[in-house]
Amino acid sequence: MIMKKLNAFCRYIGYATISVFIGYVSYLGGQKYDYLFKISGNLVPILISLLVFYVTIFGSILKELICYKNRTNADTSDVLKNIKLEIIIEMILIIFSLLCFIVRGACETLAPNTIKLFIAIVSNSITVFSIIYFLLAIYDSILGLWDLIEANNKK
């Protein structure tokens, strides 16, 4: 249990580190070539679309999980708790991303130039982190769905 939490913590540290690095590299080109800055304006709709896709996958997982539970009488409460936690985290990321870009817009006109670099890198990093997190959650869900389908088709 402790190793699982430590592994998850290290994974998030890795995601954050990669996000900061990519956010910094994207900023180096300036706003004209800052690709992350360009897509950050559409980040919330992108994340909401990914959340809808994730919830759709969750429906398929739930169907297969019910079949698995009926066939094996397994306890599935932990799986349901983890999926609920993922959805909550994803919704928090959407809200946090929206707030971050509202603050970035306000700071572009009010903040001194020395702080603008930090603000741009942080918002770029949040963009990368959010997209990575959502895509990996979807990837893990698809793998879990596939495992459930295989388990349900075993005789």
Side-chain angles (χ1 to χ4, degrees), residues 4-68 76-150:
K4 188 175 181 180
K5 289 187 180 197
L6 182 63
N7 183 22
F9 177 74
C10 289
R11 192 171 358 137
Y12 290 125
I13 295 295
Y15 297 161
T17 303
I18 290 169
S19 299
V20 169
F21 177 74
I22 293 172
Y24 178 72
V25 169
S26 180
Y27 178 78
L28 289 177
Q31 279 193 1
K32 184 176 178 184
Y33 299 105
D34 189 347
Y35 184 71
L36 292 174
F37 178 71
K38 291 177 184 176
I39 67 168
S40 66
N42 297 320
L43 180 65
V44 173
I46 290 169
L47 295 182
I48 290 173
S49 299
L50 290 173
L51 180 62
V52 168
F53 185 64
Y54 181 78
V55 171
T56 304
I57 292 171
F58 170 67
S60 299
I61 290 172
L62 190 57
K63 178 184 157 222
E64 291 295 326
L65 197 58
I66 290 169
C67 292
Y68 182 76
T76 59
S77 60
D78 285 342
V79 174
L80 295 175
K81 286 179 187 176
N82 285 337
I83 290 174
K84 180 181 176 182
L85 179 65
E86 283 291 326
I87 291 172
I88 290 170
I89 290 172
E90 290 172 357
M91 290 171 51
I92 289 170
L93 272 174
I94 290 170
I95 292 167
F96 185 71
S97 297
L98 178 63
L99 292 175
C100 174
F101 294 110
I102 289 171
V103 169
R104 181 178 181 173
C107 290
E108 285 291 323
T109 57
L110 302 174
N113 286 336
T114 55
I115 297 175
K116 286 183 183 180
L117 167 69
F118 176 74
I119 293 169
I121 292 171
V122 167
S123 65
N124 284 351
S125 300
I126 290 169
T127 301
V128 173
F129 182 84
S130 299
I131 292 172
I132 288 173
Y133 187 86
F134 271 70
L135 291 177
L136 289 175
I138 290 170
Y139 174 75
D140 286 343
S141 297
I142 291 171
L143 290 181
L145 176 60
W146 188 256
D147 289 344
L148 278 171
I149 291 170
E150 286 181 340

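Side-chain atoms of Y15 and L136, non-hydrogen and from C-beta on, do get closer than 4.5 Å to each other. A heavy-atom distance below 4.5 Å is found between the side chains of Y54 and I83. Contact annotation: the side chain of S19 never approaches that of I126 to less than 4.5 Å [non-hydrogen atoms, C-beta and beyond]. L80 places a side-chain heavy atom less than 4.5 Å from the side chain of L62. Proximity of V25 to F21: side-chain heavy atoms (C-beta onward) are separated by under 4.5 Å at one or more points.
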Residues E150, W146; criterion side chain to side chain contact (heavy atoms under 4.5 Å, CB included); working and verdict: CA-CA 6 Å; E150 286 181 340; W146 188 256; 2.7 Å; yes
Side chain to side chain contact (heavy atoms under 4.5 Å, CB included) between I61 and S141: does it pass, once the steps are laid out? CA-CA 8 Å; I61 290 172; S141 297; 3.8 Å; yes
For the pair S97 and T127, evaluate side chain to side chain contact (heavy atoms under 4.5 Å, CB included) and give the outcome as yes or no after the intermediate values. CA-CA 7 Å; S97 297; T127 301; over 6 Å; no
Give the intermediate values and the outcome of side chain to side chain contact (heavy atoms under 4.5 Å, CB included) for residues L51 and F134. CA-CA 8 Å; L51 180 62; F134 271 70; 4.0 Å; yes
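Considering I46, L50, V44 as possible partners of I48, the one that fulfils the side-chain contact (heavy atoms from CB on, under 4.5 Å) test is V44.
In this structure, CD1 in I89 is found 12.0 Å from OG in S130, a value given to the nearest 0.5 Å. The CE atom of M91 sits 7.5 Å away from the CD1 atom of I94 when rounded to the nearest 0.5 Å. Within the model, atoms CD of E90 and CD1 of I138 stand 7.0 Å from one another, a figure rounded to the nearest 0.5 Å. A distance of 12.0 Å separates CD1 in I119 from CG in N124, rounded to the nearest 0.5 Å. The OH atom of Y24 sits 12.0 Å away from the OG atom of S125 when rounded to the nearest 0.5 Å. Here CG of L148 is found 10.5 Å from OG of S60. Values are rounded to the nearest 0.5 Å.
Summarising the geometry of L47 relative to L93, their closest heavy-atom pair is CD1-O, 4.5 Å, with the distance given to 0.1 Å.
Atom CZ of F129 has more than 12 heavy atoms from other residues, nucleotides or ligands within 6.0 Å.
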